[in-house]
Every structure is written in structure tokens, then in C-alpha cells.
Amino acid sequence: MVAGNKPDVKEAREVAESRKRTLLDWWCGKPWLYATYVLGAVMLVVLVLNRSSWSVPQKLIGILCVLLPLHVFEELEWPNGFQFMMNKVIQKSDNPLAYPENRLTDMITNFGAEVMFIAMLVFTPVAGNMFVVFMAFFGIGETIAHTAFTVATLRHYKAAGMRSPYTPGIVTAYCTLLPVGIASLHWLITSGTFVPSDLRGILFVMFLIGFMIRLPFIVSYKIKSTRFAYDSMGYFARFER
């Protein structure tokens, strides 16, 4: 900047923001995504190595540990845009790249869920069917949610030319999470091992929705910070022109 010229406010703001970057800012960029994919790959190896010794409940939760990173990849990497759709179409945000869903809330929800699922796998021999109930509700419920999101998005972008019933995450929901959810439900019905106390698995579904998804959204929307904003609309950029 030449002395006497008007300061470049945008440049000054960008410099100030870069100086404020912390380890959390770095982690909420790409690193947590890569860590999630690594955990998924590791769990795939563990699943294959233990395929003959694990019980059915262990195999089902192990499969979930592998599938979640794939689901996250479709939502947030390629084609990307799930967060923009959720903010603009579903949650009616006035800044859909920034809140309530953003890089921080996605890290809490998705990386947190992967760690939670791995912990559940460790305790499956003790918990048994309780986690199979969780898997059934999660797989089927996630697919129903993505279907509802897609219907709402089709209505929202109809005038912009959207015709394909697709939103990021729906393919992996229907092709991976739904089959495993149905398989979990089928096993509960046919194995003869289900007892009413297994329904405690629903509490884990409620915890995931309430504390790992909704609570971060509520706090984020209240703060309305752009610190962890996304920089791309992903799949939906074509309908925002």
C-alpha cells in the first residue's frame, strides 16, 4: 500500500483474519476430513481381518464405521454442497455459507460420530443388540431425512431448472446406509435374540441428533459467526447463477 492512498479494507481484513488463525481453524479445514477417511480405511482393514470371528452386531457396527466416511465424502467433498443446501433450503439462513452449519459444526458432527461409532464397536460385545437397534434407526432414518431434504430442494430450485432428484449424500444413504439399516432390522426380527431393553439403542440416536447435530446448529445460529464459513456452494452453485 502506497502512503497517502486509501487503505484496502478487504486486504487489511484478510491479513487480520490470517493472523488470528488457530489450531482449531486449521483442524476444521481439511485435516479433520482426512482423519475421518483414514479412520474409515483403518476400520475397513479391521473389519476384513475379523470377519470370521466377529458376531453379527459387531460386523454391522464395523460396517457403519466404514460407511460414514463415504457418506461424509459425498456430502462435503464431492460433489459437495450438502451444508449449503441445509442452511439455505432447510434452515432458511441469511448467510448459508456460514451458519448454522459450517466447518466447525460439521467437524463436531461427523468426526465426532466416527469416533463415537468406533467406541460403540469396542463395547458391542457388552451392549449387543442395543447398538444394532441404533444402526437400524440410523440407516433408515438418515435415508428418510435425505429424501425429505431432496424433495424440499427440488421445490426450492424448480424455477432455477433443477430436475434431478439429487442432493449430496442421498446416493450413499440409499446405496449403503439404508441396506445396512434394513439388514440390522431384519436380524433383530429373525435372530430371536431381541429383548425390550435393546430399545435403549434409541437413546444413542437421540444423543446423536440432539447433542452432536442440533446443539451445534443452535449455538452456531445464535452466534452467527463467519469464522468457519465454507467458500463453495458445491453442487448447488449451478442453481444460484
Mind checking the [atom1]-[atom2] spacing from [X] to [Y]? Nearest 0.5 Å is all I need.
X    : Y    : atom1 : atom2 : answer
L76  : Y230 : CG    : OH    : 4.5 Å
K88  : F236 : NZ    : CZ    : 11.0 Å
N102 : Y221 : CG    : OH    : 13.5 Å
M212 : F111 : CE    : CZ    : 10.0 Å
M86  : I213 : CE    : CD1   : 8.5 Å
N87  : S220 : CG    : OG    : 7.5 Å

Completion exercise
Residue pairs meeting salt bridge (Lys or Arg N to Asp or Glu O under 4.0 Å), one or both in residues 106-121, sequence neighbours left out, come to none

Completion exercise
Quick note, salt bridge (Lys or Arg N to Asp or Glu O under 4.0 Å) partners involving residues 59-87, not counting sequence neighbours, are K30-E77

Handout entry: Between N110 and T36, a side-chain donor and acceptor under 3.5 Å
Key = no

Exercise for the section: For E240 and Y157, test the side chains for any donor-to-acceptor distance below 3.5 angstrom and give the result as yes or no. Expected result: yes

Is it true that a side-chain atom of [X] and a backbone atom of [Y] form a donor plus acceptor pair closer than 3.5 Å?
X    : Y    : result
N80  : S232 : no
T143 : A173 : yes
R155 : A152 : no

Practice task
Would you check, one step at a time, whether the test side-chain contact (heavy atoms from CB on, under 4.5 Å) holds for E142 with H71?
Solution key: CA-CA 10 Å; E142 185 76 4; H71 189 55; 3.0 Å; yes

Practice task
Would you sort out whether V66 and F117 count as a side-chain contact (heavy atoms from CB on, under 4.5 Å), showing the intermediate values?
Solution key: CA-CA 10 Å; V66 175; F117 295 164; over 6 Å; no

Honestly curious: do [X] and [Y] fall in one hydrophobic cluster under the side-chain, below-4.5 Å linking rule?
X    : Y    : answer
V195 : L185 : no
W187 : I202 : yes
L177 : W78  : yes
V133 : V126 : no
I218 : M107 : no

Exercise for the section: Please say which of V132, I189, L199 ends up in a side-chain contact (heavy atoms from CB on, under 4.5 Å) with F194. Expected result: L199

Exercise for the section: Step through the shown structure and confirm whether more than 12 heavy atoms of other residues, nucleotides or ligands are within 6.0 Å of CZ on F123. Expected result: no

Handout entry: Whether over 12 other heavy atoms sit under 6.0 Å from K158 NZ
Key = no

Practice task
Take Y99 and T105, measure what side-chain hydrogen bond (donor to acceptor under 3.5 Å, both in side chains) needs, and give me the verdict at the end.
Solution key: CA-CA 9 Å; Y99 53 77; T105 65; over 6 Å; no

Exercise for the section: Show your reasoning for whether side-chain contact (heavy atoms from CB on, under 4.5 Å) applies to I63 and L47. Expected result: CA-CA 7 Å; I63 291 172; L47 178 64; 3.8 Å; yes

Considering all heavy atoms of both residues, which atom of [X] and which atom of [Y] are nearest to each other, and what is their separation?
X    : Y    : result
T150 : Y166 : CG2-N, 3.8 Å
C65  : I118 : SG-N, 3.7 Å
F131 : A127 : CE1-CB, 3.5 Å
P179 : Y174 : CD-O, 3.2 Å

Exercise for the section: Go through F134 and L64 one step at a time and tell me if the side-chain contact (heavy atoms from CB on, under 4.5 Å) criterion holds. Expected result: CA-CA 11 Å; F134 171 88; L64 177 58; 3.9 Å; yes

Practice task
Give me the ring orientation class for H146 and F149: parallel if the planes are under 30° apart, tilted from 30 to 60°, perpendicular past 60°.
Solution key: perpendicular

Handout entry: Cation-pi geometry met for R238 and Y235 (6.0 Å, 45°)
Key = yes

Exercise for the section: Evaluate the side-chain proximity of M135 to L188: yes if any heavy-atom separation is below 4.5 Å, no if none is. Expected result: no

